[in-house]
Amino acid sequence: MNEKDKGKLHGIYKYYENNPDSADEKVFGRVSYPDRRGFLKGAGLATMAAVLGGAIPFHRNMPAGIIPAAFAEGLDDVVIEGKDGLTVLNDRPMNAETPPHLLNDDITPTQRHFIRNNGIPPTGVDPETWQLTIDGMVDKPLTLSIADLKKNFEVVEQQLVVECGGNGRAFFEPKATGNQWTYGAVACSNWTGVRLADVLKAAGIKEGAVYTAHYGADKHLSGKEDKLPISRGVPIQKAMGSENLIAFAQNGEALHPMNGAPLRLVVPGWPGSCSQKWLTRIQIRDQVHDGPKMTGTSYRVPNRPVAPGEDVAKEDFDIIERMPVKSLITSPQTNTVVSGSEVQVRGHAWSGDRKVDKVQISIDFGATWLDADLAAAANKGAWQTFTAKVNFPLPGYYEIWAKATDDQGISQPFAIAWNPKGYLNNTYHRVALVVKG
Ligand SMILES: Nc1nc2c(c(=O)[nH]1)N[C@H]1C(S)=C(S)[C@@H](COP(=O)(O)O)O[C@H]1N2
Ligand SMILES: [Mo]
């Protein structure tokens with residue numbers, strides 16, 4: 001497929017959402033819908049193969065109505081200072097994700113770390129005069145400069161995954177409002193800072209403390225001084241985990257301005273929204289925090305199965321805590337043509353606060369699976385890298401699928417139950433490949 005045709009196919013999920021029959025026709029020519037619901041055959045199969053750039057050896061295994069992974073990703077690149085190759089979803093506030101093949105490194109380079117802003121970042125920040133306040137249900141409220149943090153607490157370096165709770169939202173049907181993240185609202189940078197737990201211990205958590213409340217220096221989109229874009233928190237028990245950092249460096253340098261310079265929280269394994277950027281204050285509360293994006297349906301999912309599109313009462317939502325088991329194929333890049341019959345597959349897997357035990361790869365639409373080699377995490381909160389060698393029996397169109405299983409035996413699902421805000425989509429990552437033989 002050439003670049004121009006790919007451009008035309010951008011937004012394929014919208015087509016399928018609005019009018020699946022005409023989408024099929026547009027993409028595959030005259031494929032009759034009953035055929036797509038059953039098996040692809042005859043002219044339908046031939047046109048699909050032509051569009052994909054090769055015959056589909058495992059076409060009998062393709063689930064009905066599946067949209068080939070070849071069409072599943074955005075294509076628009078925009079330049080952001082200090083960032084490289086991110087796909088911009090919105091520029092006010094700035095939201096940009098990383099195409100999976102640019103996440104191939106064990107440690108995500110800063111220029112490839114995604115950006116998720118809810119408001120307007122502060123400008124002209126000065127790390128010399130920046131102050132962090134710890135107050136609320138503590139014995140001894142603290143006001144600390146970044147120099148104080150470095151001087152009074154052990155400085156540690158940890159590779160930590162930050163993943164937006166809405167990563168994968170683009171694939172929910174019916175559509176959920178919000179940024180249409182595909183795969184790349186996730187990163188694993190190497191962070192330098194002090195342990196959140198050490199700072200909270202120094203302040204002394206009072207009996208009856210329940211939750212943290214995080215505050216940053218960014219402004220609400222409305223420009224109103226008394227309105228915050230976002231202020232979330234975590235239960236004290238999670239806050240006391242040694243994996244959480246108050247970080248002042250990212251990959252050995254000052255934080256990127258869009259990733260929270262000069263100071264931020266990194267709370268791995270939980271929705272990225274817990275990792276407050278441009279951090280100015282942590283308040284300890286005797287109740288679950290109720291700041292902006294902590295209440296209502298924000299970062300919450302129904303506490304019972306709901307039908308797609310169902311209206312769910314606010315009381316039926318629970319706050320998202322740990323993020324689910326997930327994996328990402330970072331090589332080969334989707335939509336590439338390979339010659340030869342063998343490909344080295346590489347990617348990362350992670351599971352909230354847990355370890356990943358197994359990653360499996362399929363090239364036949366999930367009929368059979370091969371165990372990948374899986375490395376241990378560099379430290380708690382880091383992702384684990386997997387590699388696998390796969391062999392293709394014939395030239396043609398293939399999809400490489402990855403499925404991770406965590407240490408509680410929980411695997412990624414093929415399809416996920418719908419939720420109104422489109423959170424926690426941890427379905428398999430699918431990569432499209434044309435094998436030229
Ligand atoms: N102050 C502040 N902190 C914030 C946000 C924000 O808008 N303002 N966005 C949160 C969300 S929703 C996510 S997913 C992560 C993203 O971190 P990143 O932009 O460094 O990738 O930051 C979190 N911290
Ligand atoms: Mo997020």
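Counting starts at 1 for both ligands and their atoms, in listed order. These numbers come from the heavy atoms of this one structure, side chains and all, not from hydrogens, waters or symmetry mates.
For Arg322 and Ser351, the side-chain atoms include at least one donor-acceptor pair closer than 3.5 Å. Inspection of the Asp353 and Trp270 side chains reveals an N or O donor paired with an N or O acceptor under 3.5 Å. Under 3.5 Å, the side chains of Asn190 and Glu157 contain a donor-acceptor pair of N or O atoms. Side chains of Ser331 and Asn104: no donor on one and acceptor on the other come within 3.5 Å.
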### Query
Please walk me through it: do Glu243 and Lys238 pass salt bridge (charged side-chain N to carboxylate O under 4.0 Å, His left out)?
CA-CA 9 Å; Glu243 69 277 15; Lys238 166 64 179 169; 2.8 Å; yes
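Phe114 and Tyr183 have their aromatic ring centers separated by at least 6.0 angstrom.
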For ligand 1, what N or O to protein N or O distances fall under 3.5 Å?
unit_1, atom_1, unit_2, atom_2, d
ligand 1, 1 (N), Asp218, OD1, 2.9
ligand 1, 1 (N), Asp218, OD2, 3.2
ligand 1, 1 (N), Gln276, NE2, 3.1
ligand 1, 1 (N), Lys277, O, 3.0
ligand 1, 3 (N), Lys277, N, 2.8
ligand 1, 7 (O), Asn118, N, 2.7
ligand 1, 7 (O), Asn118, ND2, 2.8
ligand 1, 8 (N), Asp218, OD2, 2.6
ligand 1, 9 (N), Arg116, O, 3.1
ligand 1, 9 (N), Asn118, ND2, 3.2
ligand 1, 17 (O), Arg264, NH2, 3.3
ligand 1, 19 (O), Arg116, N, 2.9
ligand 1, 19 (O), Lys277, NZ, 2.5
ligand 1, 20 (O), Asn259, ND2, 2.8
ligand 1, 20 (O), Arg264, NH1, 2.7
ligand 1, 21 (O), His113, NE2, 3.0
ligand 1, 21 (O), Phe114, O, 2.8
ligand 1, 24 (N), Ser275, O, 2.9

